[in-house]
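This report concerns only the one structure given below.
All values below come from the heavy atoms of this structure, side chains included, with hydrogens, waters and symmetry mates left out. By convention here, the first residue in the shown sequence is residue 1. What you are looking at is a predicted structure, and each value in this text was computed from that prediction instead of being measured.
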Amino acid sequence: MQRAPKRLFEPACGTGRLLYALVKKGFRVDGLDLNPKAVEFCNARFRRHGVRESAFVADMSDFKTKWKCDLAFNTINSFRHLCSEREARGHLQCMGEVVRPGGLYLLGVHLTPTTVAPSETESWSARRGHLAISTHMWTNERNTESRIERFGIRFDIHSPSHSFRITDELVLRSYTPKQMNRLIQSSKCWEVVATYDFGYDVEHPIEVDASTEDVVYVLRRKPE
């Protein structure tokens, strides 16, 4: 019988928004990020609330831990910041070391479809109290040979006292469904046991095909 997860791990945890939500539900959590300022923000929030400081600075394609977790998750496309096959495979192999045999890794990826035109823009918004943020992302460049995609991204921030805009660029590696399957197989650590869309409805898994874009892969760690 699959045991209930107790220790969770998030690579590319950023400021720890999801980790903090999970620790409040009673889970033991750990996270890593390449950005020291994000890690400090995460740990400072843990300190303020009397929680163990468990985020650390590391490269998610090359790291080790002295512990193992029951379940790991990276559901918001951060995996695609790894811009080479070597880094991507290294990440899956590192995750294979940190997740116990039989444990799960929930990996969210925006794929490049091959039978329909890919999405070119995406917008979303969020509000907390009097603070509102609207985000818009658009494609600047797709290079199918190098598999590097460049996206513009804009944040419009509004509060009662002032408004401002932040504009940046994301550089991400692309994956067709077949390329993603080959990568997972090449890691030799994982098997795909289910796939979902970004609606995260566990009652409605999806079948990934050449038209699929948003996918959450449920990967199970193979026995050692």
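- At a threshold of 4.5 Å between non-hydrogen side-chain atoms, the residues K68 and F9 do not count as touching.
- In this structure, R221 contributes its side chain and G96 its backbone to a donor-acceptor pair below 3.5 Å.
- Salt bridge annotation for D156-R165: present, with a cationic side-chain nitrogen under 4.0 angstrom from a carboxylate oxygen.
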- Message: side-chain contact (heavy atoms from CB on, under 4.5 Å) for T65 and L32? Distances and angles first, verdict last.
- Response: CA-CA 11 Å; T65 66; L32 72 77; over 6 Å; no
- List the steps, then state whether side-chain hydrogen bond (donor to acceptor under 3.5 Å, both in side chains) holds for S163 with H158. CA-CA 4 Å; S163 299; H158 304 283; 2.9 Å; yes
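- Judged by distance alone, with hydrogens and angles left aside, the side-chain atoms of E40 form no donor-acceptor pair with the main-chain N or O of P36 at under 3.5 Å.
- Side-chain contact between M60 and N74 is present, with at least one heavy-atom pair separated by less than 4.5 Å.
- Atom CZ of R47 is surrounded by more than 12 heavy atoms from other residues, nucleotides or ligands within 6.0 Å.
- Looking at R147 and Q179, their side chains come closer than 4.5 Å, going by heavy atoms from C-beta outward.
- Remark: R142 engages E120 in a salt bridge, criterion side-chain N to carboxylate O under 4.0 Å.
- Contact of the F41 side chain with the D33 side chain is not registered, since no non-hydrogen atoms from C-beta on lie closer than 4.5 Å.
- Open room surrounds NZ on K178; 12 or fewer heavy atoms of other groups in view lie less than 6.0 Å from it.
- Counting heavy atoms from C-beta on, the side chains of R80 and E149 come closer than 4.5 Å.
- Put simply, L111 and L172 are part of two different groups of oily side chains (I, L, V, M, F, W, Y) that touch within less than 4.5 Å, one to the next.
- The aromatic rings of W67 and F56 sit perpendicular, their planes meeting at an angle over 60°, well past the 30° parallel limit.
- In the hydrophobic clustering of ILVMFWY residues, with side-chain heavy atoms under 4.5 Å counting as a link, L170 and F155 come out together.
- Judged purely by atom type and a 3.5 angstrom limit, T195 uses its side chain to pair as donor or acceptor with the backbone of I206.
- L71 and L219 are assigned to two separate hydrophobic clusters, defined by single-linkage of ILVMFWY side chains at heavy-atom distances under 4.5 Å.
- Using a distance-only test at 3.5 Å, with no hydrogens or angles considered, a donor-acceptor pair links the side chain of S54 to the main chain of V29.
- When only modelled atom types and interatomic distance are considered, S61 and H91 share no side-chain donor-acceptor pair under 3.5 Å.
- With respect to R52 and D30, a salt bridge is recorded, a charged nitrogen being found less than 4.0 Å from a carboxylate O.
- In this structure, the side chains of V208 and V192 stay at 4.5 Å or more apart for every pair of heavy atoms.
- Y175 and F79 have their aromatic ring centers within a separation under 6.0 angstrom.
- Under the 3.5 Å distance criterion, with hydrogens and angles disregarded, a donor-acceptor pair is assigned to the side chains of S123 and H136.
- When side chains are defined from C-beta on, L18 counts as touching F73, because their heavy atoms get closer than 4.5 Å.
- A side-chain donor-acceptor contact under 3.5 Å links E213 to the backbone of S119.
- Contact check for H49 versus Y20: side-chain heavy atoms found under the 4.5 Å cut-off.
- Without hydrogens or angle criteria, N140 side chain to R150 main chain gives no donor-acceptor distance under 3.5 Å.
- Taking 4.0 Å as the cut-off between side-chain N and carboxylate O, R220 and E191 count as a salt-bridged pair.
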